[in-house]
Amino acid sequence: MSQPLVSVVTPFHNTAPYLAQCIESVLAQSYTRFEYILVDNCSTDRSGEIAEAYAARDPRIRVIRRPQLLSQVQNYNAALMDISSASEYCKVVQADDLIFPECLRLMVEAMEQSESIGLVSSYWLKGNELRGSRFPYPAPMLPGHEMARLYLRTGVWVFGSPTAVLYRSCMIKKGQPFYDESQLHEDSDKCMQILLDWDFGFVHQVLSFSRADNESISSAVRAFQPVALDRYILVQRYAAAFLEASEAGALKRETRREYYRVLANEALRGRESAFWQYHVRGLQTLGGTLDRPYVALQVARELLWRAANPAATVVNGLRYWKHRTGRKKLAEN
């Protein structure tokens, strides 16, 4: 029996410092039946030359050049539409990330457990930090609705970035844009959409690496509390789809309080306008707005707590200062 064809897709724009390492990690896979599509989104550095050099050496690689610059999500969607009609599974490997040699083999094995599985993930490294480690061991899969409920109830996030997951290609071939370009965190939203109709597979090994020290679109918002915003959006949008009405309502209220506590703490740190614009854009995807009076209420509560707990306030302040100092030194290096 022949192995299923996997489509590996790497869209890129000006990623010359990392692209060769990314490509090498794909070519080093123990699973060899894959096509590799490299999509140049009008790069002005050497990225396109690097991609073409590898394509000349390996017939599995195909380079596509965009005639005009697209947004990141538009480029990802266009790249996914170029996968082979024979493709059974699809993996995006972002150009500044890499995958480990057994990644494709183990993810395909996880997907092959059942035709009901539409999405597979694993442990992954974000810089030096292990992610995805709270998935129940040793379960190799969960029903999609059970996985969604696990996230909604506990915050266990096992999807990571697009590099960390494998998709069933039939979902991509339906014709519509795969990622919703109106969403601020389109990959997270897509994972929750998939769980509405498909089951979830998991590999209990570290299979991919995402950089935490590079300049990219995602790195630009790392200090903007994207995880808090992402969880708030996903709970508000999907709680009713996966939970009973009473539990969904209670969870949405609790998550709203938690999210606005985060915003209150950031307000007390004097966050810049770009921070608030980021959250306003995210809330608009829900058809909502930033509730500034509620932010003010949470700020008042936080100030009262700090006044009543001076020792804890000093400790938290020192931790924040050390964190900011560490980030500044990392950026300087």
Problem - Aromatic centroids of Phe135 and Phe200 separated by under 6.0 Å - result: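 Ring-ring flag for Phe200/Phe135: true, centres closer than 6.0 Å.
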Handout entry: Aromatic ring proximity, centroids under 6.0 angstrom, Phe178 and Tyr167
Key =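 Yes.
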Has the side chain of [X] got a donor or acceptor atom that lies under 3.5 Å from a matching backbone atom of [Y]?
X      : Y      : result
Asp230 : Pro226 : no
Ser208 : Trp124 : no
His145 : Leu196 : yes
Thr15  : Tyr18  : no
Asp45  : Ala16  : yes
Gln29  : Ser25  : yes
Gln193 : Ser188 : no
Glu146 : Pro143 : no
Asp199 : Gly144 : yes

Nearest 0.5 Å please: distance from the [atom1] atom of [X] over to the [atom2] atom of [Y].
X      : Y      : atom1 : atom2 : result
Leu283 : Leu263 : CG    : CG    : 7.5 Å
Tyr123 : Gln205 : OH    : CD    : 9.5 Å
Met147 : Ser121 : CE    : OG    : 9.0 Å
Asn77  : Gln176 : CG    : CD    : 9.5 Å
Asn41  : Ile64  : CG    : CD1   : 12.0 Å

Handout entry: Stacked cation flag Arg269 on Phe275, 6.0 angstrom / 45 deg
Key =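 No, Arg269 does not sit over the ring of Phe275.
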Handout entry: Lys NZ or Arg CZ of Arg231 over Tyr151 ring: under 6.0 Å, within 45°
Key =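 Output yes; distance and angle both within limits.
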Would you call the rings of [X] and [Y] parallel, tilted or perpendicular, taking 30° and 60° as the class edges?
X      : Y      : result
His185 : Tyr278 : tilted
Trp157 : Phe159 : perpendicular
Tyr232 : Tyr260 : perpendicular

Work out which heavy atom in [X] is nearest to a heavy atom in [Y]; give both atom names and the distance.
X      : Y      : result
Leu286 : Gln236 : CD1-CB, 4.0 Å
Glu35  : Ser87  : OE2-CB, 4.5 Å
Cys42  : Arg66  : SG-O, 3.4 Å
Phe12  : Ala95  : CB-CB, 3.6 Å
Ile83  : Cys90  : CG2-SG, 4.2 Å
Lys252 : Ala239 : CG-CB, 4.0 Å

Could you tell me whether the side chain of [Y] reaches within less than 4.5 Å of the side chain of [X], counting heavy atoms only?
X      : Y      : answer
Leu106 : Ser122 : no
Leu166 : Met111 : yes
Pro162 : Tyr179 : yes
Leu152 : Val235 : yes
Ile61  : Leu38  : yes
Met192 : Phe242 : yes
Arg211 : Gln94  : no

Side-chain ion pair, [X] and [Y], N-O less than 4.0 Å:
X      : Y      : value
Arg65  : Glu52  : yes
Asp291 : Arg256 : yes
Glu254 : Arg257 : no
Arg306 : Glu302 : yes
Glu102 : Arg105 : yes

Handout entry: Working for side-chain contact (heavy atoms from CB on, under 4.5 Å), residues Met141 and Ser116
Key = CA-CA 10 Å; Met141 64 177 291; Ser116 68; 4.2 Å; yes
Is it the case that more than 12 heavy atoms not belonging to [X] sit under 6.0 Å from its [atom1] atom?
X      : atom1 : result
Glu181 : CD    : yes
Glu244 : CD    : no
Arg292 : CZ    : no

Would [X] and [Y] count as having a side-chain donor-acceptor pair, cut-off 3.5 Å?
X      : Y      : answer
Gln298 : Tyr259 : no
Gln225 : Glu266 : yes
Asp187 : Ser161 : no

Practice task
Mind running side-chain contact (heavy atoms from CB on, under 4.5 Å) on Arg261 and Arg301 for me, showing each step along the way?
Solution key: CA-CA 9 Å; Arg261 285 192 198 111; Arg301 287 176 174 171; over 6 Å; no
Problem - From CA spacing to verdict: salt bridge (Lys or Arg N to Asp or Glu O under 4.0 Å), Glu129, Lys126 - result: CA-CA 5 Å; Glu129 296 182 4; Lys126 179 72 171 180; over 6 Å; no
Exercise for the section: Carefully, step by step, assess Tyr89 and Glu112 under the rule side chain to side chain donor-acceptor pair (under 3.5 Å). Expected result: CA-CA 10 Å; Tyr89 307 124; Glu112 294 274 285; 2.2 Å; yes
Handout entry: Pair Tyr36-Asp58, side-chain contact (heavy atoms from CB on, under 4.5 Å): steps then yes or no
Key = CA-CA 9 Å; Tyr36 193 12; Asp58 194 313; over 6 Å; no
Handout entry: Trp198 reachable from Val158 in the ILVMFWY side-chain graph, under 4.5 Å edges
Key = yes
